[in-house]
Structure formats: structure tokens, C-alpha cells
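Heavy-atom basis, side chains included; hydrogens, waters and symmetry copies ignored. Each chain gets a letter, A, B and so on, in the order its sequence line appears, and its residues count up from 1.
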Amino acid sequence: MTAIPTAATHDHGPAEAGVHSSLDALEAESIHILREVVAEFDRPAMLFSGGKDSVVMLHLAAKAFWPGRIPFPVLHVDTGHNFPEVLDFRDRTVERLGIRLVVAGVQDYIDDGRLLERADGTRNPLQTLPLLDAIAANKFDAVFGGGRRDEDKARAKERILSLRDEFGQWDPRNQRPELWNLYNGRHTAGQHVRAFPISNWTELDIWRYIERENIELPPIYYAHERDVFRRDGMWMAVGEFSAPAPTEPVERRSVRYRTVGDMSCTGAVLSDAGTVADVVAEVAVSTLTERGATRADDRISEAAMEDRKKDGYF
Amino acid sequence: MTSPSTVTPQAPAAGQVPTIDPGSLFRFATAGSVDDGKSTLVGRLLHDAKAILADQLEAVGRTSAERGFGGGTGRLDLALLTDGLRAEREQGITIDVAYRYFATDRRSFILADCPGHVQYTKNTVTGASTADAVVLLVDARHGVVEQTRRHLAVVSLLRVPHVVIAVNKIDLVDYDQEVFDRVTADATDVATRLGIEDVHVVPVSALEGDNVVETSERTPWYTGRPLLRVLEELPTVDESGRGTARPFRLPVQYVIRPQGGTAPGLDADALRDYRGYAGQIASGTVAVGDEVVVLPAGRRTTVTGIDVAGTAPVPGAPLPGEQLTEAAAPLSVTLRLADDIDIARGDLVASADAELPEPTRDLVASVAWLGERPLQPRARVLVKHGAATVQAMVQDLEGRLDLEELVLRDAGTLELNDIGRVRLRLASPLPVDPYDRLRRTGAFLLVDPATGNTLGAGLVRDA
Ligand SMILES: Nc1nc2c(ncn2[C@@H]2O[C@H](COP(=O)(O)OP(=O)(O)O)[C@@H](O)[C@H]2O)c(=O)[nH]1
Ligand SMILES: [Mg+2]
């Protein structure tokens, strides 16, 4: 018998076996999806931004293939507007797990003129082209994304395996039926598949799981003091990519981030939640969705997410 | 308590959202003809269960006002909460399944709001295939219609464990008990003839909120519970089959051999000979020391280990291993086996002491046909079962379900959205169970070898 390093023998005695919490059920489903895609595709990759959803997804991958190493590279579409704490966390994580990191930089595209900076300065919509180019250049045939159906009503409509054409486009009116837990990833040359292993998790599930599993996150998810100013009803950090106008007074407040994205359009929430337990308690009674509270780009219209996805976005 | 007749935006107050783990996960899907009120009911359920956050409600309020919903009364069009595609909002219909999540202090729910049009039946089948219950809406004014029968046939075919028939728009028939009784009799008659065992019927008004979350005073003749209470109390299927004789099944998804690279903190030398068979337990329980059979080859061996990665002691630390002594469905685990036998993705590990699935090259199956082009006898298809995909030929079409009479009739083809029975010849044997006994190992997909599209849902029948 092979020797396996073990911390503790977890004895699910007869009285316990078969009694599972909703988190156990979600974890089992996600691991099943991760293994299916890795087994059926030649060149999978995982989108990894250092945000909480992608961190949980990567943790699930580590569990799915343990005691082996995660058998695919991660891909980060770098807007050039990242929180430095998050980039640092990203680099430490891939180093620790011994996996390869592919970075597709929006900044490179702006520098050489393939993309034009938008008038409002936000870069989230600019991620699509570098993403598609990286998928083509690396010949990735399946890309895991950390999208959750509870985030947005267009995401609520997407299958776990989502077929994309050579332009990365999602055709919401023509999705394959997805029956039981049998995932059909067949695709033709030029097509690829986006796979969403944590589709069925809610924001609260994510936080409860982070607490249960002792998952490390970038520090900006927890309350800290920061110079912020108010814009469109959100608290924006004072930084290189988000400077206050003269009419926007700067205050020092205790804040945390519910999502991390482009610094120029991701807002913080006022919070004293300094530990994961505090955050779980805060999220459980929140009266705003995470995107509604913190993302300028998704407030533009009811169909903002749908339109971006049709164009090849995550 | 009577429900309010006008919906006003209302955010959950602090403390009303459950913070504890409500335990099990319960999945349900909506069904019924277009305009019977499925999306409105789902919106009402979410709203009255206080599962809608303020910004979502505000967006619905804005769109409702822009579209003149309720003639300027400030009413909300609650269907907008799930009709998330632009085309759906513009046409006022549901095209594809929307998934929504909410929890009460009793359990966590995943709900799938499905479309009603015949042309989108494949999406309804998608929503129902994983459901513990289907909430089937019937418009009280129209009673049982063709789509009601079609969706009940789908529920029966997929063996969805519970059906709740919501007799909706009861406000439009003046809360008349006679109408409710008539619809109840018609619908339960169809359900019974289709062999559906567990049927509940609730009179509701999705628009007004009667009997959705709170019992309505306008239906004093109804003594049952409101819809949400019914959903909270329905038992989930326990795939682990504790207490019943549900046999162990694990389709091997992936063979873990970490020579290439080990997880952080592990010694590659110690793991040189490691071979683990990774998969999700589809049914039953397995314990170290159990005798198992690996199918289709039929080799017997013993389980020597059940591995999962454990919890890091502190954030950022390497994951330790956990060796379980026993594990049950639906956990995803990695098995180690005593003998060095050839096992690959697509094989099935089954308990040796219960009835074994017989590897077969001849399948008799019910099929829900979801392809644009009709199913013809002698057609070549791919069959995807568990983690295995094999080539197959349609040998014979035994019949098509007549939705009026609910009997199988001779047919030359199966058209889009038909349900029928076929005989398939497989290029290599698959270890299948009858679907009625074990859902997960009795289900398969029919796939088009040319386009890769999913053509149908297949369910193995006792030959
Ligand atoms: N009077 C009344 N109208 C309803 C009720 N439920 C739904 N409706 C209306 O019926 C129409 C169709 O509803 P919708 O939820 O889109 O139906 P679906 O196609 O089954 O999803 C809409 O105009 C609703 O406002 C009800 O209980 N009473
Ligand atoms: Mg609808």
C-alpha cells in the first residue's frame, strides 16, 4: 500500500456517512465538473485573477487532483489596473502550487494601439480581445471560469459547459440541453468551451467555504483603513487609476472589497469585518448584491453582462 | 394572513436572512404552458421569501414602470427577476432556464425557471433532469392543456421524485373551489395514468401572492399548506440509500498518478506507485475493505483506501490528506484498489455483493428527442453514459408516446420534443442499470457524431 501523508483520519462512521451539508454537495459537484473537463479536453486552462471566486475554484482544483499537482496552467487577463495586493497574492499562489501562469495584458494592447483606452477609463470591457488571443495562441480548448449564476441574470442563464465559437461568442438562444450531470464538451476546430464549475454557488456559500476550508485571500477582502471618495454611490480608492475630482472629498474610512476587478470601476463597501467570520455574518444580512454594490460597469444597463458575454467575455 | 395585493419594494431586514447552514440542498424546476405564470410565481416566491436584494428589486421596479406594467399602479412585474435575457424581457417570454438560489431556515433551494413553449422543451428537460421536484403550473381558467400533459410525461419519464401542481390565476376565477377541484381531478388523473406517485396540488395566485408563502384567507376551502411550506417539507432523494439497499456505483472519471508532479508539501518518491481512481459516488456507500467489481471487464478486487484532500490547518498551508474509512454518494473521492488491474476512465466500480449491472451491447431505452432533425431507425449516434462514450446504432424504434391517450404507438420517426422507446446496438458493452432503479447509472445522452450536439436524453429500461 502506498504511504499517504495524513493529518488526521476523518472517520465518517456509519451514522455520519450519507449526511452531507449543502457545501459538501456543492464541493462534490464542482470537483466532478473539474475532473470531467480535464479528462475530456486536451488543453484546459483556468482563469485566475486572485479574486475570491477564482481562488475557491483553484482550491477545488487542488482537491480534485490531490495528491497530484493541478494539471493545467492558469490564465490572468491583466487590465493593468489591478490592486497591487492582488497581484502579489496571485504570484505567491501560483508559486506555491507549482503551476504555470499565463498573463494576457490589456496594457500591451493599449500601448501598441490594438485597443483604445475608453473615455470613462474603465478597462473591464477591454479584456475580451486579449483573452481570446491568449486562448488561440495557447490553443486552449477549455477555459474554466469562476462565474456564478447568482451574480447576474445573464449568468443565471448560462450552462455549466458553454460552447463558444471562434469569436468566443455565447449564443444564449441556442444552448445545448445539459442533462443530469452528463456534460457534453464535443466541439469542432476553432470552437472552445468555457466551463463554470462553481455555477451553483452563492456569495454566501463561497464565504462559508472559505471559512470552513481555511482558504487564504488577498487582504483587501477584509476591513482595512483606506483613503476613499464617493462616486456614483460607491466608495472608490484613491490611487493611480482612480483619482478624485475636486468636488469629491477624500475621507479615511474602514472598508473592504466584495469583488476585486479593475480599480477604476470597483468600489469598496464600508465595513469593520476584519475576519472571515465577520464577513460571513455581514454577507448573510447584506441588502445589496455584490455587483450592484461594487461594480460600475454592471450598472450601465440591464443587459450589460449579456452583451459582453455575447462578445466573448468571461 | 392575506397577502398584500400590491407588491412594494421591500428589502430583507437584518437578521431575516438565515445565517446558519440550512442543511440539505433541494432542487426544483418549474413547468407548464407558456403564460401559465411560471416566471411570475418564481418571482413571487423569491420576493415573499425575502430572497431579493434591494438593487435587484429597484431594477425590476424601473423596468416595470417603463413598460407600464399594472397601468401605473407601481406594481412589479416579478417575472423580470428571472427573464434575464434581453429577448426574454422584450418578448415577455422565457426562452431558456434561469437558475436562482435562495434559502429559508429549513433548507437551501436551487430553482430552475423553465420555458413553456413546445419549441423550448429541451430547456425544460434540462431544468427537470436534476430536480428533486417539479412545480407544474396550470392556468385555472384553461385547465389541463397539451403542454401540461407533455410536461407531466417528461416528469414521469425522468422519474422526478415529486410533483407540485400549482393551480394558478385563482384570482381570475374568483377563488372558486369548484374550478380548483375540477383542475385537480383532471391533472391528478393524467399524473396517475403516467405512473407519477407523489402529487401535491395548491391553489395559488402568483400575481397576488395567495398560498405562495402565506396561507390565503381568500381560499378558506383550501386546508393544505402554501407552496413554499410544501417545498420545504418534501424529502430529498438520498442517493446514498442509507437504510435502503442502494448498491455502490462509482464511474471512474480520471486516474490520478502523480509522478508528473505532486501537490505542494508531498514527497514525490513516496507517491511513485500511487494510483487513485477519481470519481463521484453515483449511488450507495463504499468502505475500506469492501469487495468491488470493475466493469465492463468484470475484475474483482478490494478497496484499500478512500482518499480526499483535507482542510489546511492554517490559510495558505499545503492540503493534508484524509483517509476515509467510508464514504457515501454524492461525495467526490479517489479510490485505491488492492490489485494492479487495468482501469481507465469510463470504467465503473460497483459493489460485488449487490446485484451487478450487466455489461450489454443491446439497450432498450426511453428517449426524449431534442434534435432538430428527426430520429430515424438505423441512425448512427454516440452514447455518453457515466464517463464512457461509445458508438451506437438505432436498431429499432419501438414507438412514440401519444400525449392524448398516453400510450405508445407505432411510429416511423421521432420528431423534436417527442418521447419514444428505442432499441440501440452499441459498439462496445456498457454496464448500465435500469433508470427506474438508479438514476445516475441508468441515464445517458445521445450525441450527434458529426456536429457534437446533444440529440436526446436516454433512460435505460428493463429489457
Ligand atoms: N391575474 C393573474 N395574472 C397572472 C398570474 N400569474 C401570472 N399572471 C400573468 O400572466 C402572464 C404570464 O406570466 P409569466 O409569469 O410570464 O408566465 P410564464 O410564461 O409561465 O413564465 C403575465 O402577464 C403575468 O402577469 C396570476 O396569478 N393572476
Ligand atoms: Mg416564464
Side-chain angles (χ1 to χ4, degrees), chain A residues 1-12 17-18 21-22 24-25 28 31-32 35-36 38-39 62-63 65-69 96-98 149-150 153-154 156-157 172-173 175-180 182 184 186-188 200 202 213-216 281 284-285 287-289 292 302-303 306, chain B residues 11 14 17 19 21 25 53-56 84-86 95-96 98-99 101 108 110 122 125-126 129 240 242 253-254 256 258 261-264 266 270-271 273-274 278 280 285 304 309-312 315-316 319-326 328 330-332 345 370 384 443 445 447 452 454 457:
Chain A
M1 215 180 87
T2 317
I4 306 258
T6 335
T9 295
H10 192 116
D11 184 22
H12 284 260
S21 71
S22 54
D24 293 328
I31 289 177
H32 174 256
R35 288 170 172 169
E36 279 302 285
V38 168
K63 289 189 117 180
F65 300 101
W66 190 96
R69 180 187 292 167
R96 178 168 63 77
L97 295 172
R149 286 167 172 162
D150 87 325
K153 45 181 180 295
K157 293 265 161 186
R173 301 200 60 159
Q175 302 192 83
R176 279 181 186 164
E178 196 159 80
L179 302 152
W180 300 288
L182 295 170
N184 174 6
R186 296 219 152 220
H187 58 284
T188 52
N200 286 328
T202 64
E213 300 280 307
N214 265 332
I215 297 174
E216 186 184 4
V285 296
T287 59
L288 292 178
T289 64
E302 282 246 82
E306 177 180 347
Chain B
V17 180
T19 55
D21 181 356
L25 204 55
L53 299 182
D55 54 321
Q56 295 174 315
L85 300 176
R86 188 194 293 276
I95 292 170
D96 208 335
Y99 294 90
Y101 305 82
S108 292
I110 299 183
K122 62 177 185 176
V125 177
T126 291
S129 69
S240 68
R242 187 138 296 280
Q253 291 185 270
Y254 191 82
I256 297 181
T262 52
L266 298 184
L271 289 165
D273 298 324
Y274 184 93
Q280 186 177 16
T285 61
T304 53
T311 303
L319 301 182
E322 266 189 42
Q323 299 188 19
L324 308 182
T325 52
E326 191 183 19
L331 288 190
S332 285
R345 172 173 168 81
L370 310 171
K384 180 165 184 158
L445 300 184
V447 175
T454 302

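Looking only at side-chain heavy atoms (C-beta outward), A:Ile215 and B:Pro315 stay at 4.5 Å or farther from each other. Looking only at side-chain heavy atoms (C-beta outward), A:Pro172 and B:Asp96 stay at 4.5 Å or farther from each other. When side chains are defined from C-beta on, A:Ile31 does not count as touching B:Gln280, because their heavy atoms never get closer than 4.5 Å.
Interface remark: B:Ile256 contributes side-chain atoms only to the contact with chain A (heavy atom separation under 4.5 Å). In this structure, the portion of B:Ile110 lying under 4.5 Å from any heavy atom of chain A is its side chain and not its backbone. Heavy-atom distances place no part of A:His187 under 4.5 Å from chain B, backbone and side chain included. Proximity to chain A involves both the backbone and the side chain of B:Val125, based on heavy atoms less than 4.5 angstrom apart.
Across every non-hydrogen atom of A:Lys157 and B:Ala98, the tightest pair is CE-CB, 3.4 Å. For B:Gly316 against A:Arg96, the heavy-atom pair with the smallest separation is O-CD, 3.2 Å. Closest approach of A:Glu178 to B:Ser129, counting heavy atoms only: O-OG, 3.9 Å. Residues A:Trp66 and B:Pro320 approach most closely at CZ2-C, 4.0 Å, considering heavy atoms.
Heavy-atom pairs under 4.5 Å with chain B were tallied for A:His32, A:Gln175, A:Arg173; the largest tally goes to A:His32. Put simply, of B:Pro258, B:Ala457, B:Ser332, the one with the most heavy-atom pairs under 4.5 Å next to chain A is B:Ser332. Comparing A:Glu216, A:Glu36, A:Glu213 by heavy-atom pairs within less than 4.5 Å of chain B, the highest count is held by A:Glu36. No other option in B:Gln253, B:Arg345, B:Lys384 has as many heavy-atom pairs under 4.5 Å with chain A as B:Gln253.
Atoms CG and CG, on B:Leu370 and A:Leu179 in that order, are 6.5 Å from each other to the nearest 0.5 Å. Taken to the nearest 0.5 Å, the CZ atom of A:Arg176 stands 12.0 Å off from the OG1 atom of B:Thr126. The structure places OG1 of B:Thr262 at 15.5 Å from CZ of A:Phe65, a figure rounded to the nearest 0.5 Å. Separating the OH atom in B:Tyr101 from the CG atom in A:Asp150 is a distance of 7.5 Å, to the nearest 0.5 Å. Atom CG in B:Leu25 sits 7.5 Å away from atom CG in A:Asn200 (nearest 0.5 Å). For the atom pair B:Thr454 OG1 and A:Asn184 CG, the distance stands at 3.5 Å (nearest 0.5 Å).
Taking the ring centre of B:Tyr254 as origin, the terminal cationic atom of A:Arg35 falls outside the region bounded by 6.0 Å and 45° from the ring axis.
With respect to the salt-bridge test (charged N to carboxylate O, under 4.0 angstrom), the residues B:Glu322 and A:Lys63 do not qualify.
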